[in-house]
Number of protein chains: 2
Amino acid sequence: MQRQQNLTKNQKIVLDIIEKSTEPLKAYSILSNVKRKGINAPPQVYRALDKLVDMGKIHKIESKNAFVACQNSNCKVSKAAAFSICESCEEVTEIDNSKISKYLSSFADKIGMKYKKYNLEFFGLCKKCK
Amino acid sequence: MQRQQNLTKNQKIVLDIIEKSTEPLKAYSILSNVKRKGINAPPQVYRALDKLVDMGKIHKIESKNAFVACQNSNCKVSKAAAFSICESCEEVTEIDNSKISKYLSSFADKIGMKYKKYNLEFFGLCKKCK
DNA sequence: CTTAATAATGTTATATTATTACATAGTGTT
DNA sequence: AACACTATGTAATAATATAACATTATTAAG
Ligand SMILES: [Zn+2]
Ligand SMILES: [Zn+2]
Ligand SMILES: [Zn+2]
Ligand SMILES: [Zn+2]
């Protein structure tokens, strides 16, 4: 098992709750929300999160230690992601990185790096809050 | 006190050790290295780190929970930073963001965001390791 | 079908990172 | 001196993440 599709039981549970959330979820918040579903301890959550990140199904917002579902089907391939984070309403939105990733990968070339993935987080005010 | 210049005692101690390091330092590693200098507890380190980040003297590598000295004098202004992180030798290098930040700020405009700062981390292999 | 290898799960304990809360001391202003 | 303000010191605890090991499920051979 454990190909692109076919999630395991715990992975399904964790992905499900992340997909239903309107905001990034933290590991222990996920844990407390799935205690009734047979997930009892941190390692079960963290293992599922790790795999889901590897598959590109979710992303970690590093500055928040929180996880969001991928809103952007091509992340499976590029393993790169970009987010805008509103400092007022806390809204986190995944940016369509098809254009940006082209620019950034050529930039990585220029500085002599063999680039595998990147993580980009914009902070500021979203449309509504600005 | 506490203008751009004129660091406080604890800020000087913390900045000094970060500047002397060839790799990103974690808060508790800093703490254990300055125990003999009158810094005894986490809040003293974290407070200094917070201020130094605000001033643009250091940056936090979010994916590593570690701190590096700014290698790039214009970060005081832009508050934005970009890094390449080698997954083999763990080398972290700050990228000169003068070009990249122009591109990214126009990108932020396009998506309707009032951008204040960004954090960009490239992962892959550095010149030496690739 | 049985067996062996592999992957996933369950569980306890612990490590690591970060903050809260409150007391104390310095600094500058009036 | 009295006050406001900033920085510091200290203890306790919260929040995030991993290590270690036992158990169960799944797959692939033989
Ligand atoms: Zn994505
Ligand atoms: Zn907003
Ligand atoms: Zn910098
Ligand atoms: Zn390297």
Side-chain angles (χ1 to χ4, degrees), chain A residues 1-18 21 23-55 57-68 85 87 90 92 119 121, chain B residues 1-18 21 23-55 57-68 85 87 90 92 119 121:
Chain A
M1 204 182 273
Q2 204 53 44
R3 299 212 79 55
Q4 309 299 77
Q5 317 304 346
N6 287 11
L7 303 179
T8 69
K9 173 179 149 258
N10 287 358
Q11 288 163 13
K12 273 183 209 143
I13 293 170
V14 170
L15 179 57
D16 189 56
I17 190 171
I18 294 174
S21 171
E23 57 185 8
L25 291 181
K26 295 178 162 245
Y28 275 73
S29 151
I30 292 167
L31 176 56
S32 71
N33 275 286
V34 297
K35 276 263 168 83
R36 65 200 61 206
K37 291 188 182 162
I39 294 184
N40 311 302
Q44 296 173 290
V45 172
Y46 281 101
R47 286 192 287 232
L49 289 171
D50 284 351
K51 291 286 169 61
L52 291 167
V53 167
D54 279 351
M55 294 180 211
K57 299 272 189 192
I58 65 173
H59 300 293
K60 182 171 186 179
I61 309 296
E62 294 285 359
S63 63
K64 291 183 171 293
N65 299 317
F67 300 83
V68 293
I85 301 171
E87 289 176 328
E90 298 286 313
V92 175
N119 183 267
E121 300 177 10
Chain B
M1 204 183 273
Q2 204 52 46
R3 297 213 78 57
Q4 309 299 78
Q5 319 303 346
N6 286 10
L7 302 180
T8 69
K9 172 178 150 264
N10 288 356
Q11 288 161 14
K12 272 183 209 143
I13 293 169
V14 170
L15 178 57
D16 188 56
I17 191 171
I18 294 173
S21 173
E23 57 184 8
L25 291 181
K26 295 181 163 241
Y28 274 73
S29 152
I30 292 168
L31 176 57
S32 72
N33 277 287
V34 297
K35 276 262 167 85
R36 66 200 59 204
K37 291 188 180 161
I39 293 184
N40 310 303
Q44 296 172 290
V45 172
Y46 281 103
R47 285 192 289 232
L49 289 171
D50 284 350
K51 292 284 168 62
L52 292 167
V53 167
D54 280 350
M55 294 178 210
K57 299 272 189 194
I58 64 173
H59 300 292
K60 182 172 188 180
I61 309 296
E62 294 286 357
S63 62
K64 290 181 170 297
N65 298 317
F67 299 84
V68 293
I85 302 170
E87 289 177 327
E90 299 284 314
V92 175
N119 183 268
E121 299 176 12

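What you see is a predicted model; the values in this text were computed from it and never measured. Reminder, nothing fancy here: chain letters follow the sequence lines and each chain counts from 1.
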Axis-to-axis angle across the helix from C:dC1-D:dG30 to C:dT30-D:dA1, five pairs each end, nearest 10 degrees, ~ 20°
Restricting to nitrogen or oxygen on both sides, can you table the protein-nucleotides 23-25 of chain C pairs closer than 3.5 Å?
none

Is the phosphate of C:dA7, meaning OP1 or OP2, less than 4.0 Å from a side-chain N or O of A:Thr8?
no
With heavy-atom distances below 4.5 Å as the criterion, would you say the side chains of A:Asn10 and A:Arg47 are in contact?
no
State whether the distance check finds a donor on one side and an acceptor on the other, under 3.5 Å, for side chain B:Tyr28 versus base C:dA15.
no
CG of A:Leu49 versus P of D:dT16: gap in Å, rounded?
12 Å
Rounded off to whole Å, could you give me the CZ-to-P distance for the A:Phe67 and D:dT16 pair?
10 Å
A:Asn65 side chain near D:dA17 phosphate (N/O to OP1/OP2, under 4.0 Å):
yes
Heavy atoms only: give me the nearest B:Glu90-B:Glu87 pair and the separation to one decimal.
OE2-O, 4.1 Å
Distances under 3.5 Å between nitrogen or oxygen atoms of protein and nucleotides 21-23 of chain D:
none

Gap between atoms CD1 and P, on A:Ile13 and C:dA8 respectively (whole Å)
15 Å
Contact check, side chains of B:Asn119 and A:Ser63, non-hydrogen atoms, under 4.5 Å
no
Rounded to whole angstrom units, what separation is found between the NZ atom of A:Lys60 and the P atom of C:dT17?
12 Å
What is the minimum heavy-atom distance between B:Ile18 and B:Phe67, and which atoms define it?
CG2-O, 4.0 Å
On a heavy-atom basis, the closest approach of A:Glu121 and A:Ile61 is OE2-C, 3.6 Å
CG/B:Leu49 to NZ/B:Lys60 distance, rounded to the nearest 0.5 angstrom?
9.0 Å
Distance check needed: D:dT26 C1' versus A:Asn6 CG, whole Å only.
12 Å
Tell whether A:Tyr46 reaches the base of D:dA19 with its side chain through a donor-acceptor pair below 3.5 angstrom.
no
Residues touching DNA chain C, which here means a heavy atom under 4.0 Å, drawn from residues 33-43 of chain A:
A:Gly38, A:Asn40, A:Ala41, A:Pro43
Residues 24-43 of chain B side chain polar contacts: donor-acceptor under 3.5 Å, at least two apart:
| unit_1 | atom_1 | unit_2 | atom_2 | d |
| --- | --- | --- | --- | --- |
| B:Lys26 | NZ | B:Lys64 | O | 3.2 |
| B:Ser32 | OG | B:Ser29 | O | 3.1 |
| B:Asn33 | ND2 | B:Ser29 | O | 2.8 |

Rounded to whole Å, please give me the gap between CD in A:Gln11 and P in D:dA25.
17 Å
When rounded to the nearest 0.5 angstrom, what is the spacing between CG in A:Leu52 and CD1 in A:Ile58?
4.5 Å
If only side-chain N and O atoms of B:Lys51 are considered, is one of them under 4.0 Å from the OP1 or OP2 phosphate oxygen of D:dA7?
yes
Taking CG from B:Asp50 and C1' from C:dT19, how many angstroms apart are they, rounded to a whole number?
10 Å
Counting any heavy atom closer than 4.0 Å, what does A:Lys12 reach on the DNA or RNA strands: base, sugar-phosphate only, or nothing?
nothing
Using a 4.5 Å cut-off on heavy atoms from C-beta on, say whether the side chain of A:Gln11 contacts that of A:Met55.
yes
Can you measure B:Gln44 atom CD to C:dT17 atom P for me and round it to whole angstrom units?
18 Å
5'-most contact on DNA chain C (nearest-nucleotide basis), A:Lys9 vs B:Lys64, goes to A:Lys9
Go through the structure and list residues passing side-chain hydrogen bond (donor to acceptor under 3.5 Å, both in side chains) with A:Asp50, not counting sequence neighbours.
none
